[in-house]
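Worksheet for the structure shown next.
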Amino acid sequence: MSSSEDEIKKRKLSRSRSRSRSKSRSGSGSDEEEEEYEVEEIRKKKMVDGNWMYYIKWVGWESDTNTWEPKEHLEDCKDKLEEFERRWKKKEEKKEQRRKEEKEKEKQRREERERKREELIQKRKLESSDSSDSEAESKPPEKKTVTDSSSSSTAKFVTNERRDSADKKDKKVKSFEKSSLFKADRHKEEKKVKEERKEKEREKDKEKEKAKATKEVPTKILGMTEETGDPHFIVRYKSEEIGLVKDTDAHDIFPRLCCKFYSQHLKIAS
């Protein structure tokens with residue numbers, strides 16, 4: 001890390017000196033040329049104190065000497081900057097589209113579960129009301145003596161009997177909702193949801209194991225970033241390719257490199 005930092009400092013110092021020499025030589029009319037550094041590739045960007053910083057790979061320099069530069073330092077490579085911005089915009093649009101699709105799918109799954117649950121409740125209510133009606137039909141009507149004193153008493157008796165029957169049905173529906181059968185159905189539904197979650201977690205674990213078995217192990221950790229939302233290591237592979245690895249995955253795949261990186265950058269307060 002110290003050697004790469006020294007190279008970066010030397011390069012920046014050389015750049016500032018070359019600019020000053022260029023001004024003095026242009027005034028004296030000398031034909032000597034200014035030493036310049038050419039941008040090979042703009043790889044990513046991040047927001048620092050309200051300003052965008054760009055991660056630059058320089059022509060003729062190794063990847064471990066890449067630097068973060070402000071936009072005003074890239075005036076001589078506007079074409080590469082515009083191309084990078086186009087690629088960045090497309091990448092962000094794809095991420096946003098994936099997030100929207102995931103939200104929509106989750107919403108549909110939630111609505112489907114609610115619909116099935118409501119159908120199950122309605123089905124149980126209908127079965128309960130049908131069974132109560134069949135019991136009422138099979139039971140012989142009670143004989144009650146009604147005096148002929150007035151017809152209003154007869155109408156009142158019939159009204160009370162109907163109201164009592166409706167109250168009994170409501171009580172049976174409520175008792176069914178509190179019954180073990182209803183609770184068992186609800187328990188089955190919750191158990192099914194939990195199993196689906198566990199299955200998704202198992203699939204994720206399998207993907208991690210597969211990636212762990214097939215992915216090339218990096219040779220060096222260059223730094224860390226949180227541009228994607230979660231902490232990621234910036235790593236370099238044997239092929240000189242630069243990539244991002246999530247910190248939790250990195251702890252499983254190359255723990256020694258992680259420990260070395262932490263030991264080099266961790267500062268213990270005295």
Side-chain angles (χ1 to χ4, degrees), residues 1-16 37-74 77 80-81 84-85 87-88 90-92 94-96 98-99 200-270:
M1 287 297 287
S2 60
S3 61
S4 62
E5 289 177 357
D6 291 341
E7 290 176 359
I8 294 170
K9 289 179 180 178
K10 288 178 181 178
R11 188 177 65 200
K12 290 184 176 179
L13 183 59
S14 175
R15 186 190 305 172
S16 62
Y37 295 90
E38 183 181 354
V39 175
E40 179 179 327
E41 183 184 4
I42 303 174
R43 294 191 169 176
K44 52 189 174 182
K45 68 176 182 177
K46 66 179 179 180
M47 183 70 72
V48 179
D49 296 332
N51 297 316
W52 285 108
M53 298 291 288
Y54 296 83
Y55 195 60
I56 306 302
K57 169 72 170 67
W58 302 95
V59 174
W61 292 83
E62 297 295 331
S63 296
D64 58 355
T65 61
N66 295 351
T67 59
W68 291 96
E69 302 290 340
K71 189 174 182 179
E72 52 266 23
H73 288 181
L74 306 177
C77 56
K80 291 182 179 179
L81 182 59
F84 170 78
E85 293 291 357
R87 286 188 284 109
W88 179 272
K90 288 181 181 179
K91 185 179 178 182
E92 292 299 314
K94 287 181 180 180
K95 286 182 181 178
E96 185 64 25
R98 283 197 296 269
R99 282 195 291 268
K200 289 181 180 179
E201 290 177 358
R202 284 195 292 269
E203 289 178 359
K204 287 182 179 179
D205 291 338
K206 287 180 181 179
E207 290 177 358
K208 286 183 180 179
E209 290 296 330
K210 185 177 179 181
K212 182 177 178 181
T214 58
K215 191 173 180 63
E216 181 185 358
V217 177
T219 58
K220 188 175 183 180
I221 298 176
L222 303 178
M224 292 191 73
T225 181
E226 292 185 356
E227 293 176 10
T228 57
D230 297 325
H232 282 69
F233 284 109
I234 303 171
V235 299
R236 183 177 67 188
Y237 298 98
K238 290 182 180 179
S239 59
E240 295 297 329
E241 180 184 355
I242 303 298
L244 294 176
V245 180
K246 194 173 180 181
D247 58 345
T248 52
D249 296 338
H251 295 159
D252 296 332
I253 300 172
F254 43 92
R256 290 186 178 178
L257 282 178
C258 296
C259 293
K260 184 178 179 181
F261 178 81
Y262 289 139
S263 64
Q264 290 175 348
H265 294 81
L266 183 63
K267 293 182 180 179
I268 302 173
S270 56

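Fair warning: this is a prediction, and the values are worked out from it, not measured in the lab.
K220 contributes atom NZ, which lies 5.5 Å from atom CZ of R236 (distance to the nearest 0.5 angstrom). A distance of 8.0 Å separates CD1 in I242 from CG in D64, rounded to the nearest 0.5 Å. For the atom pair CD of E41 and OG of S63, the computed distance is 8.5 Å after rounding to the nearest 0.5 Å. Within the model, atoms CE of M224 and NE2 of H265 stand 10.5 Å from one another, a figure rounded to the nearest 0.5 Å. The line from CG of L222 to OG1 of T65 is 10.0 Å long, rounded to the nearest 0.5 Å. In this structure, OG1 on T225 lies 11.5 Å from CG on D247, to the nearest 0.5 angstrom.
Relative ring orientation between Y37 and W61 is described as tilted, the plane-to-plane angle lying within the 30° to 60° band.
Annotation: side chain of E227 is not in contact with side chain of K45 (no heavy-atom distance under 4.5 Å). You'll find the side chain of M53 reaches within 4.5 Å of the side chain of P70, heavy atoms only. When side chains are defined from C-beta on, F233 does not count as touching L257, because their heavy atoms never get closer than 4.5 Å. Within the 4.5 Å cutoff, the side chain of F254 has no heavy atoms near those of the K260 side chain.
Considering only residues two or more places apart in sequence or on other chains, E201 meets the side chain to side chain contact (heavy atoms under 4.5 Å, CB included) condition with none of them. Judged as a ring pair (Phe, Tyr, Trp, His ring centres under 6.0 Å), and not counting sequence neighbours, the contacts of Y55 are W68. For W52, there are no ring pair (Phe, Tyr, Trp, His ring centres under 6.0 Å) partners two or more places apart in sequence or in a different chain. Checked against side chain to side chain contact (heavy atoms under 4.5 Å, CB included), E226 has the following partners two or more places apart in sequence or in another chain: P231. Judged as a side chain to side chain contact (heavy atoms under 4.5 Å, CB included), and not counting sequence neighbours, the contacts of D230 are H232, K246. Qualifying side chain to side chain contact (heavy atoms under 4.5 Å, CB included) partners for C77, counting only residues two or more places apart in sequence or in other chains: V39, L74, K80.
Under a 3.5 Å cut-off, the side chain of D252 and the backbone N or O of D249 do not form any donor-acceptor pair. Using modelled atom types, no side-chain atom of T67 and backbone atom of I56 make a donor-acceptor pair closer than 3.5 Å.
Using a 4.0 Å cut-off between a side-chain N of Lys or Arg and a carboxylate O of Asp or Glu, R99 and E96 qualify as a salt bridge.
Heavy atoms of other residues, nucleotides or ligands lying less than 6.0 angstrom from CZ of R256 number 12 at most. Within 6.0 Å of atom NZ in K71, 12 or fewer heavy atoms from other residues, nucleotides or ligands are found, so the atom counts as exposed in its surroundings.
Nearest heavy-atom pair, A250 versus C258, reported as atom, atom and distance to 0.1 Å: O-SG, 3.6 Å. Between E62 and K57, the shortest heavy-atom contact is C-CE, 4.2 Å.
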